[in-house]
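The structure under discussion appears below in the form of structure tokens.
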Amino acid sequence: MPNLPSSKQEKISTIQALLTVTSTVYAVAIVSLPRTIAEQTQTPDVWQGLLLASLFGLGAVFINVKLCQRFPGKTFYELNSVIAGKFISLLINIAFMVYCVMICSVVSRMMAEFIKALALERTPVSMILLPFLLLVGYLTSGGLQAMVRLVELFFPLTFIVYLLLIILNINHFDLDNLRPVFHQGWRPIFKSLQVVPFSALGFESMLILTNFMVNPQKAWKAGGIGYSIAMALYVLMVTMVIGCMSVEEVSRLQWPVVSFAQQIEFPGAFLERFEIFFIILWTIKIFMTAANYYFYLVAGISQLTQKWNGYIYYLPLIFIFALSMYPQNFVVMGNMDKVSGYFGMIICAGVPLVLLLISMVFRIRGNPDGKP
Amino acid sequence: MIAFTFRSRRIVSVRKCIAACVACAFLTGCWDSKEIDKLSIIQGVAIDTNQDMLELTYQHLIAQKSKKNTYTNVTTLDNDSIQAASRDQAKLVSHAPLYNFIRLVLISDQALKKTRIDELLDTFTRSYKPSRKSLVMIVKGNAKEALTKLGKHKDMPAFDLEELAANSVLNSKIPRKTRLGEVSIHISQGTDFIIQRLVTNESNQLAGAALVSGTTKKFVSWVNEKDVIGINWMLGSSKGSIIKVEDPKTKQHMVFEVEDAHSKLIPHVNGEDLSFTVRIKTDIKLNETSVVSAELLKEPFIRTAKETVEGEIRQIVLQSLHKLQKEMRADVAGFGRKVKVNYPAYWDQVKDHWQDTFSKIPVDVQVKVQIERTGAYTKGAGA
């Protein structure tokens, strides 16, 4: 049992862990991902880079799970002090929390821009963000159990709308848009790897979730499958978007997936504008992602202070709100996204790898019974 | 100090303040509230030119009962850009315009000769409000006229034209409908394409197509109905239309309905030489015949009918192909894409002068027809 005040002695099942990982991964990036990849490749070789990135991500999930399984009953925040010592572990923890703040604010800001462009034109971005963030805080106050329950509740809904989006577009699909494959060799694919990994982030959930599970030995299964589902949805969406609209068009569109949703033709006036469903789905989706990251952040704070109260789960919202209001335009937002992507790569894949290697070399292990 | 404030009794009032702020936050939707009776829902757009200005016409959705055949709820505005003209509407129309339900955009050929199509449609594709599903049509002469003509069923012109455009499934003289999203894709790819052409006299009527060049992105020429049939066969979109042939012996006519049509453009590269095979496969059924001596379910009739139809389709396709290659030099059936997809290295050599290359490639047309049904009678009246 993790020694976290926030955990309230809660355990989550394997399927809950799986769905939480899935909903952490596939999120905001998908809206612009087809463009960012197509811009880099300029050829229809879009899916290979994503597949490579997801293999890399699966490797990271494996590292994270293995690291956590060496220290039963401890989260990432606790176990790195055992390996790296007090001071360095403090730095790592703070870096991880900063990363969570960054992701959380980037994601919330994207959501707000999204809603502003598509639905609420005159509403200020800050007023779209505020209720969203307050709700995130409220959800987090319920602890991990409330969060995974919500994920469990909404996952089927978002999944169905996601698949519907793809299926209803199938009449626009033209295989010629995805050919020729590999006509310029591997160069475009390696080029696309410059942008793809940011959307492959999300494997860090296993750092926190593994030892909250009832059966931590099944963590690799939950993490691996959950991550694969999310990446499969990514690959499917990107391939479909390129297949329906061609590389030339997609590389010109700001949010290709929105245009993709707009071109759905559905008989009958009721579903005339399918993108409405898409907007609702996406807000829920981003809410789940933001809530997950926010929980990881709050878990870290409660670990540092050994407390669990209203100040801990509401006050960090101020930082997130300030940081998400900071970018003036999409350029700054893009840069923030990039920085948090690189940062996340180091914190969530690099650092756990080093920690795992150290703990293997020096044979550091947690006590099997979970007592420190 | 802060801790003291929070711990003191004032915590209750602090909470009240926070609760009040939170309550305000949930009023988010009110910024964008729109009263439905104060909206001017725009259904159709027409773009014309007036000397140097662009002329923009909006059709507003207003219920009107009128015995006349004209629809009067349109506003016409002149300015040098679409957006500027659109905002001039504020001087005339009191209700706030709602662009989310634009069903079609009509462009006059005059406007398209002067201005590039991507310029004209930019504001509609750039904004997320109008859907990429809106139709695009080219009008001969005056586009705003078309928005004033009610349909046969007294529908609003925008509704009527939207349904009219879908009728390409009944008649292969009508090209496939073109949507804003498809225009955008063609513009991105730089390919030539055709758009439905509308003629406005007494009422609105679809007649042939307009050819838009992929390089200049402007109007090139009209495409007549005969060539549209050929293009439809090459694109594999003749499903639902009819084909009329003459019986070679009796010189009487037979009319078949196309139940299913597929086409395949197959490029062959042999060194420096490029050639194409167009393979068309179709299933048809007999809808009407005046051949008296026919045994409809017997092999000889089926065979001759098949061969006649195959010959007919082949001739139509070859004719329109000849015109596309030699006269218009426009690759509207996507030959270039096929080369690009199948022979990317060869495409890199020819893509800069594709128009010339396209006009010279030999094309072989192969047609395969299957007669599936002949209807209620098994014989002609005299047989």
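Chain letters run A, B, ... following the sequence lines, proteins first and then strands; every chain starts at 1. Bear in mind the structure is a predicted one, so any value in this text is a computation, not a measurement.
Residues Val341(B) and Asp176(A) come closest through the heavy atom pair CG2-O, 3.3 Å. Between Leu253(A) and Arg132(B), the shortest heavy-atom distance links the atoms CD2-NH1, 3.9 Å. A pairwise comparison of heavy atoms in Gln262(A) and Pro130(B) identifies NE2-O, 3.9 Å as the closest pair. When all heavy atoms of Ile185(B) and Ser246(A) are compared, the pair lying nearest together is CG2-OG, 4.1 Å. Minimum interatomic distance between Arg337(B) and Asn177(A) (heavy atoms only, all atoms of both residues): NH2-OD1, 2.7 Å.
Of the listed residues (Gln254(A), His172(A), Arg122(A)), the greatest number of heavy-atom pairs within a distance under 4.5 Å of chain B belongs to Arg122(A). Among the candidates Ser251(A), Ser126(A), Pro124(A), Ala117(A), the residue making the largest number of heavy-atom pairs closer than 4.5 Å to chain B is Pro124(A). The greatest number of non-hydrogen atom pairs below 4.5 Å with chain A, out of Thr125(B), Leu180(B), Asn100(B), Asn342(B), is found for Asn100(B).
Around atom CZ of Phe319(A), no more than 12 heavy atoms belonging to other residues, nucleotides or ligands sit under 6.0 Å away. Applying the 6.0 Å contact sphere to CZ of Arg279(B) captures no more than 12 heavy atoms from other residues, nucleotides or ligands. When the shell of 6.0 Å around NZ of Lys116(A) is examined, it contains more than 12 heavy atoms from other residues, nucleotides or ligands. By the neighbour-count criterion of 12 heavy atoms within 6.0 Å, atom NZ of Lys217(B) is densely surrounded, having more than that number from other residues, nucleotides or ligands. By the 6.0 Å contact criterion, CG on Asn329(A) is enclosed, its count of non-hydrogen atoms from other residues, nucleotides or ligands being greater than 12. The environment of Phe330(A) atom CZ is dense: over 12 non-hydrogen atoms of other residues, nucleotides or ligands sit within 6.0 angstrom.
In this structure, the portion of Lys338(B) lying under 4.5 Å from any heavy atom of chain A is its side chain and not its backbone. Neither the backbone nor the side chain of Arg126(B) comes within contact range of chain A; no heavy atom of the residue lies under 4.5 Å from a heavy atom of that chain.
A distance of 5.5 Å separates OG of Ser184(B) from CZ of Arg252(A), quoted to the nearest 0.5 Å. Taking NE2 of His186(B) as the reference point, atom CD of Glu249(A) lies at 10.5 Å (rounded to 0.5 Å).
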Determine whether Glu248(A) and Thr191(B) satisfy the following criterion, side chain to side chain contact (heavy atoms under 4.5 Å, CB included), listing intermediate values before the conclusion.
CA-CA 11 Å; Glu248(A) 293 92 341; Thr191(B) 47; over 6 Å; no

Please lay out, stage by stage, how Glu121(A) and Tyr128(B) fare under the test side chain to side chain donor-acceptor pair (under 3.5 Å).
CA-CA 11 Å; Glu121(A) 277 208 312; Tyr128(B) 285 105; over 6 Å; no

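In this structure the side chain of Glu265(A) reaches within 4.5 angstrom of the side chain of Arg179(B), judged on heavy atoms.
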